[in-house]
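Quick notes on the structure that follows.
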Amino acid sequence: MAAAASVPAKGILHTLAGDEETVWQVPEEVPLAVQFNSQNYAVMMGTPADFEDFAVGFAVAEGIIAKASDVTAVLVLPAGQGYAIDLSVAEDKIDRGRMAKRSIEGRTGCGLCGIADMKDAIRMPSSALPAVDLRPQAVARAYEQLPAYQPMSRVNRTVHAAAWCSVDGEILLSREDVGRHTALDKLIGALAREGADLGQGFVLMSSRCSFELVQKCAMAGIGALATVSAPTALALSLARQARLKLAALANRGVMIFDRD
């Protein structure tokens with residue numbers, strides 16, 4: 001799958017030892033149209049892999065559906081230069097009030113692109129998140145394991161990873177995408193479809209901690225998030241509001257932020 005989601009790119013690699021012709025693999029980036037009952041909702045940019053996980057995770061993280069079992073079927077079809085992913089959901093299972101109005105497509109690096117109203121930008125859950133035991137030793141262990149769970153990145157050096165880790169730092173599941181938000185959507189979808197116990201682990205991201213990642217985790221019922229770099233002030237504020245634990249990699253170890 002890693003190679004299938006990549007394309008070859010020829011070039012000249014310039015090094016101190018000299019120049020050499022080289023072929024790199026670069027990830028595909030295509031439009032992914034999310035539909036509900038054949039009605040268009042949003043077009044996001046992402047890597048063409050794990051379609052079902054992405055669409056279900058996106059719907060859960062957006063608060064449009066409450067759980068993966070609300071989706072009765074997923075249909076993936078080629079559409080233009082990308083793919084249409086159609087979720088079949090009973091109308092009474094769709095929270096139309098949570099459906100942000102999007103006027104343009106969602107860019108790869110943006111979880112908010114296309115949202116027409118600022119009130120739709122920050123949406124946090126009303127229910128309490130699970131109290132996860134987030135230990136620095138477990139976070140450090142997961143960081144060390146992460147490269148082994150990034151098959152696409154080994155091929156193309158470009159994609160982000162989102163991994164689900166047990167409380168002792170064992171990586172149990174991972175998903176990759178050129179967009180960090182889309183990678184997290186895919187992971188959330190995979191966890192939702194498996195019925196994972198979200199109180200028994202944390203999410204590890206290969207990216208920086210933006211507030212959108214905090215929001216997606218909180219909406220999905222995930223209680224702890226670790227990222228490579230520190231959170232923004234807004235991300236930290238929202239995490240404290242939701243009582244979501246945050247950790248980040250530091251030069252001399254792991255930083256776990258206070259929740260007060």
Partner residues of D133 under the salt bridge (charged side-chain N to carboxylate O under 4.0 Å, His left out) criterion, sequence neighbours left out: R135

Can you list the residues that meet the salt bridge (charged side-chain N to carboxylate O under 4.0 Å, His left out) rule with D86, with sequence neighbours excluded?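 Counting only residues at least two positions away or on another chain, D86 forms no salt bridge (charged side-chain N to carboxylate O under 4.0 Å, His left out).
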
Is any side-chain heavy atom of [X] less than 4.5 Å from a side-chain heavy atom of [Y]?
{"X": "D95", "Y": "I64", "answer": "no"}
{"X": "V7", "Y": "E28", "answer": "yes"}
{"X": "E20", "Y": "I12", "answer": "no"}

[X] side-chain N/O to [Y] backbone N/O, donor-acceptor pair under 3.5 Å:
{"X": "S69", "Y": "K67", "value": "no"}
{"X": "D177", "Y": "T47", "value": "yes"}
{"X": "Q145", "Y": "I171", "value": "yes"}
{"X": "E176", "Y": "S153", "value": "yes"}
{"X": "K186", "Y": "A162", "value": "no"}
{"X": "K245", "Y": "V132", "value": "yes"}
{"X": "T227", "Y": "L225", "value": "no"}
{"X": "S88", "Y": "A73", "value": "no"}
{"X": "R154", "Y": "P147", "value": "yes"}

Kindly determine whether L213 and H181 satisfy side chain to side chain contact (heavy atoms under 4.5 Å, CB included), including the steps that lead there. CA-CA 7 Å; L213 299 184; H181 307 99; 3.9 Å; yes

Calculate, to the nearest 0.5 Å, the distance between atoms [atom1] and [atom2] belonging to [X] and [Y] respectively.
{"X": "E212", "Y": "L234", "atom1": "CD", "atom2": "CG", "result": "8.5 Å"}
{"X": "K10", "Y": "E21", "atom1": "NZ", "atom2": "CD", "result": "8.0 Å"}
{"X": "D185", "Y": "M44", "atom1": "CG", "atom2": "CE", "result": "7.0 Å"}
{"X": "T182", "Y": "D50", "atom1": "OG1", "atom2": "CG", "result": "11.5 Å"}
{"X": "E170", "Y": "R141", "atom1": "CD", "atom2": "CZ", "result": "4.5 Å"}
{"X": "L184", "Y": "Q215", "atom1": "CG", "atom2": "CD", "result": "11.0 Å"}

Could you tell me which residues satisfy ring pair (Phe, Tyr, Trp, His ring centres under 6.0 Å) with Y149, sequence neighbours excluded, listed by chain and number? none

Is there a continuous path of hydrophobic side-chain contacts, each under 4.5 Å between heavy atoms, that joins [X] to [Y]?
{"X": "I65", "Y": "V76", "answer": "yes"}
{"X": "F51", "Y": "V71", "answer": "yes"}
{"X": "F257", "Y": "V167", "answer": "no"}
{"X": "L246", "Y": "L134", "answer": "no"}
{"X": "L236", "Y": "V139", "answer": "no"}

For a quick test of reading the model, state the closest non-hydrogen atom pair linking [X] to [Y] and the distance between them.
{"X": "P136", "Y": "V254", "value": "O-CG2, 3.9 Å"}
{"X": "M205", "Y": "R180", "value": "CE-O, 3.5 Å"}
{"X": "S229", "Y": "A248", "value": "O-CB, 3.6 Å"}
{"X": "A226", "Y": "Y143", "value": "C-OH, 4.0 Å"}
{"X": "A161", "Y": "S206", "value": "N-OG, 2.8 Å"}
{"X": "L173", "Y": "A190", "value": "CD2-CB, 3.6 Å"}

Looking at residues at least two apart in the chain, or sitting in another chain, which of them share a side chain to side chain donor-acceptor pair (under 3.5 Å) with S237?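 Testing S237 for side chain to side chain donor-acceptor pair (under 3.5 Å), a comparison that skips the adjacent residues, returns none.
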
Across all chains, not counting sequence neighbours, the side chain to side chain contact (heavy atoms under 4.5 Å, CB included) partners of A220 are V60, I188, I222

May I ask you to decide if the ring planes of F36 and Y41 are parallel, tilted or perpendicular, using 30° and 60° as cut-offs? perpendicular

Donor-acceptor contacts under 3.5 Å from residues 193-203 side chains, at least two apart:
from, atom 1, to, atom 2, distance (Å)
R193, NH1, D53, OD1, 2.7
D197, OD1, G199, N, 3.0

Evaluate salt bridge (Lys or Arg N to Asp or Glu O under 4.0 Å) for E91 paired with R96, printing each intermediate quantity in order. CA-CA 9 Å; E91 189 61 34; R96 294 287 177 181; 2.9 Å; yes

